[in-house]
Amino acid sequence: VLHGVIEGTNRKVVEAQREVTDQIAMKHMGERLDGELPRFNYTRPWEWLPRPGPGGKAWVDVPSKIPMDQVKDFREMCEKIFEKHRAEAEENNVEIGFLCLTVQEAADFAATVYYYDYDEKSRHIAKKIWKELIDATVKAGGIQYWLGLAIGESVAKSYIGPYYEVLKAVKQALDPKRIMNPGILLL
């Protein structure tokens with residue numbers, strides 16, 4: 001069984017990619033499952049979905065799976081990034097928060113950026129901080145579980161040779177014309 005996520009900036013793009021995915025599956029004796037797949041509305045290509053937060057602010061986070069003993073280090077790393085942008089962030093009502101959940105022997109750690117979605121400057125600053133948080137958590141070894149356009153490039157840059165070569169080979173085998181999610185994970 002192969003499961004996947006099809007991302008796109010609008011329904012037409014997603015449906016076209018799903019059709020190609022179905023054709024590949026059928027070519028290799030796969031079956032299309034009945035029923036409706038969940039759909040998400042992407043309003044901006046750099047974030048998963050702006051969600052309502054405190055005080056009417058939108059928020060976007062950087063979820064990472066990390067070892068329990070690294071939670072304090074990750075929090076301090078994220079606080080340093082925010083401190084670097086503090087004056088500009090405070091002037092434009094951008095804030096940062098943290099969430100940490102224990103899952104078996106690991107932690108799901110999320111640095112969250114709150115901003116006013118209707119304010120272009122607030123969005124710009126939030127995006128800048130968010131991208132810096134992504135790059136820093138990937139570099140520090142945080143395992144990202146949201147990929148696609150938003151986080152995929154930062155994650156792909158951290159892949160080591162043999163692993164990335166396998167990904168490229170799988171992508172080439174399944175999508176030789178590179179029409180499914182072109183450029184995701186730099187593939």
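Side-chain atoms of T137 come within 3.5 Å of backbone atoms of I134 as a donor-acceptor pair (strictly under, hydrogens ignored). N92 contributes a side-chain N or O that, together with a main-chain N or O of E88, makes up a donor-acceptor pair within less than 3.5 Å. Under a 3.5 Å cut-off, the side chain of S64 and the backbone N or O of G142 do not form any donor-acceptor pair.
When all heavy atoms are compared, the tightest approach of N93 to Y116 is CB-CE1, 3.4 Å. I125 and A89 make their closest contact through CG2-CA, 4.2 Å (heavy atoms, listed as atom of the first residue, atom of the second, distance). Considering all non-hydrogen atoms of both residues, C78 and F98 come closest at CB-CE2, 3.4 Å. Scanning both residues, A136 and M77, for their nearest heavy atoms gives O-SD, 3.6 Å. Between A140 and Q70, the shortest heavy-atom distance links the atoms O-OE1, 4.2 Å.
Looking at heavy atoms from C-beta onward, D117 lies out of side-chain contact with D119 at the 4.5 angstrom threshold. Considering only heavy atoms from C-beta on, I143 stays 4.5 Å or farther from I66 through its side chain. In this structure the side chain of V94 reaches within 4.5 angstrom of the side chain of I129, judged on heavy atoms. The side-chain heavy atoms of F109 and P63, taken from C-beta on, include no pair separated by under 4.5 Å. You'll find the side chain of F82 stays beyond 4.5 Å of the side chain of L133, heavy atoms only. Side-chain contact check for E90 versus E95: every heavy-atom pair is 4.5 Å or farther apart.
Between the NZ atom of K121 and the CD atom of E91 there is a distance of 5.5 Å, given to the nearest 0.5 Å. Atoms NZ and CE, from K171 and M180 in turn, are 5.5 Å apart once rounded to the nearest 0.5 Å. One finds the OG1 atom of T112 at 4.5 Å from the CG atom of D61 (value rounded to the nearest 0.5 Å). Interatomic distance, CG of D69 versus CZ of F74, reported as 10.5 Å (0.5 Å rounding).
Comment: E165 engages K168 in a salt bridge, judged by a side-chain N to carboxylate O separation of less than 4.0 angstrom. Between E76 and K72, at least one side-chain N (NZ, or NE/NH1/NH2) sits under 4.0 Å from a carboxylate O, which counts as a salt bridge. Note on R75 versus E79: salt bridge recorded, some NZ/NE/NH1/NH2 to OD/OE distance being below 4.0 Å.
In this structure, K57 is not positioned above the aromatic face of Y115 in the sense of NZ or CZ being under 6.0 Å from the six-membered ring centre and within 45° of the axis.
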Next on the checklist: Using salt bridge (charged side-chain N to carboxylate O under 4.0 Å, His left out), reason through K80 and E83 one step at a time and then give a plain yes or no.
Outcome noted: CA-CA 5 Å; K80 285 179 186 174; E83 189 60 39; over 6 Å; no

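Using a 4.5 Å cut-off between side-chain heavy atoms of Ile, Leu, Val, Met, Phe, Trp and Tyr, with links allowed through other members, L187 and Y163 fall into the same hydrophobic cluster.
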